[in-house]
Amino acid sequence: MLCGNAYIGAVAPALARRILGVGTYIIATEPLGEERARSLLPANAAVADINWILDYFRRSQDHRLLFGGRVSYSSVQPPRLAESIAKRMLRVFPALEQVKVDYAWGGYLDITMSRAPDFGRLAHNVFYLQGFSGHGVALAGLAGKLTAEAIAGTAERFDVFGRFPHRDFPGGPLFRRPSLMLAMLYYRLRDVL
Ligand SMILES: Cc1cc2nc3c(=O)[nH]c(=O)nc-3n(C[C@H](O)[C@H](O)[C@H](O)COP(=O)(O)OP(=O)(O)OC[C@H]3O[C@@H](n4cnc5c(N)ncnc54)[C@H](O)[C@@H]3O)c2cc1C
């Protein structure tokens, strides 16, 4: 099973060419108390906005606000992480101006050209799962289930995913990331306009 996400690199170069690692970052506020947290998101929904480079947020069980976004296509962690995400959070929730940020962290996810997940086999008994493109929490669970089915002998559902066509990111090892950064700059501009 190969499921190294954005970190697969030299382990499987043919797979690595089809994905790009993208950083995404998140903060957790201090506990707000149940009533205040509920007033922010009464339905307790997990929200993602409709921008191309999107922000996402939800309440935590201990009544903090979790707020993520600030995707980085350059592979460099943004400076003053907590501050820069808090700024985005305050645009949506200005009432949190005085609230402390207790935690800030981030990590890499891998995207494919089409943003569709990339499952398949390199050989009969070598399975790979990658390219969840930001939707890994639900999809990775499904992928694990389908792979277990395939290993146990019923590959019908797994192999449906194997039929999705996937392309290498253009630009080769040197220009792959800069060309993605340029394309994303265009989409970021569209979000702003
Ligand atoms: C801050 C943040 C917020 C996110 N929010 C959401 C969200 O709200 N909803 C959502 O659906 N998705 C979200 N995602 C995306 C989601 O986390 C990923 O899509 C998902 O984790 C991908 O799952 P994975 O199993 O492919 O990779 P990972 O969870 O990254 O697992 C890959 C594993 O492979 C291991 N590995 C790598 N290389 C090797 C090697 N050579 N040998 C052995 N092991 C290796 C790594 O240690 C790691 O354990 C978020 C991601 C981040 C970073």
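Just follow the structure's listing: the first ligand is 1, and inside any ligand the first atom is 1.
In terms of protein heavy-atom proximity, atom 9 (N) of ligand 1 is closest to V137 CG2, 3.7 Å. Among all non-hydrogen protein atoms, the one lying nearest atom 21 (O) of ligand 1 is N5 ND2, 4.7 Å. For atom 46 (C) of ligand 1, the nearest non-hydrogen atom of the protein is Y7 CD1, 4.8 Å. The nearest heavy-atom contact from the protein to atom 23 (O) of ligand 1 is F132 CD1, 4.1 Å. G4 CA, 4.7 Å is the protein heavy atom nearest to atom 45 (C) of ligand 1.
By the criterion of a heavy-atom distance under 4.0 Å, the side chain of Y56, and not its backbone, is placed next to ligand 1. Neither the backbone nor the side chain of A6 comes within 4.0 Å of ligand 1, counting heavy atoms alone.
A donor-acceptor pair under 3.5 Å is formed between the side chain of Q130 and the backbone N or O of L15. Without hydrogens or angle criteria, N5 side chain to D110 main chain gives a donor-acceptor distance under 3.5 Å. A donor-acceptor contact shorter than 3.5 Å links the side chain of H166 to the backbone of P117.
Here atom 1 (C) of ligand 1 lies nearest to T24 when heavy atoms of T24, V11, L139 are compared.
Within the 4.0 Å cut-off (strictly below), a protein heavy atom is located near atom 11 (O) of ligand 1. Within a 4.0 Å radius of atom 40 (C) of ligand 1, the protein contributes no heavy atom. Counting only heavy atoms, the protein gets under 4.0 Å from atom 27 (O) of ligand 1. Closer than 4.0 Å to atom 51 (C) of ligand 1 lies at least one heavy atom of the protein. By the definition of a contact as any protein heavy atom under 4.0 Å away, atom 19 (O) of ligand 1 is in contact. Inside a 4.0 Å radius of atom 48 (C) of ligand 1 there is not any protein heavy atom.
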Going through the checks in order, is the side-chain contact (heavy atoms from CB on, under 4.5 Å) test met by I26 and Y103?
CA-CA 8 Å; I26 191 163; Y103 304 102; over 6 Å; no
So V126 and L2, side-chain contact (heavy atoms from CB on, under 4.5 Å) or not? Walk me through it.
CA-CA 7 Å; V126 180; L2 294 167; 4.1 Å; yes
What's the verdict on side-chain contact (heavy atoms from CB on, under 4.5 Å) for T29 and F93, showing C-alpha distance, side-chain angles and the deciding distance?
CA-CA 12 Å; T29 64; F93 298 105; over 6 Å; no
Evaluation steps, side-chain contact (heavy atoms from CB on, under 4.5 Å), between V92 and F67
CA-CA 10 Å; V92 185; F67 193 100; 4.0 Å; yes
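The shortest N/O to N/O separation between A140 and ligand 1 does not fall below 3.5 Å. Checked by distance only, ligand 1 and W105 stay at 3.5 Å or farther apart across all their nitrogen or oxygen atoms. The N/O atoms of G134, backbone and side chain alike, include one that comes under 3.5 Å of an N/O atom in ligand 1.
When all heavy atoms of A82 and V101 are compared, the pair lying nearest together is CB-CG1, 4.2 Å. Across every non-hydrogen atom of I19 and A6, the tightest pair is CD1-CA, 4.3 Å.
Screening R163, R18, R17 against D118 for a salt bridge (charged side-chain N to carboxylate O under 4.0 Å, His left out) leaves a single residue, R18.
Which parts of ligand 1 touch G107 is read off a 4.0 Å heavy-atom cut-off, strictly below it: atoms 53 (C). The contact set between ligand 1 and G136, taken as ligand atoms under 4.0 Å from a residue heavy atom, comprises 10 (C), 11 (O), 12 (N), 18 (C), 19 (O), 20 (C). The contact set between ligand 1 and C3, taken as ligand atoms under 4.0 Å from a residue heavy atom, comprises 32 (C), 33 (C), 34 (O).
Between the CZ atom in R38 and the CG atom in N44 there is a gap of 7.5 Å [rounded to 0.5 Å]. Between atom OH of residue Y25 and atom CD1 of residue I85 there is a gap of 8.5 Å, rounded to the nearest 0.5 Å.
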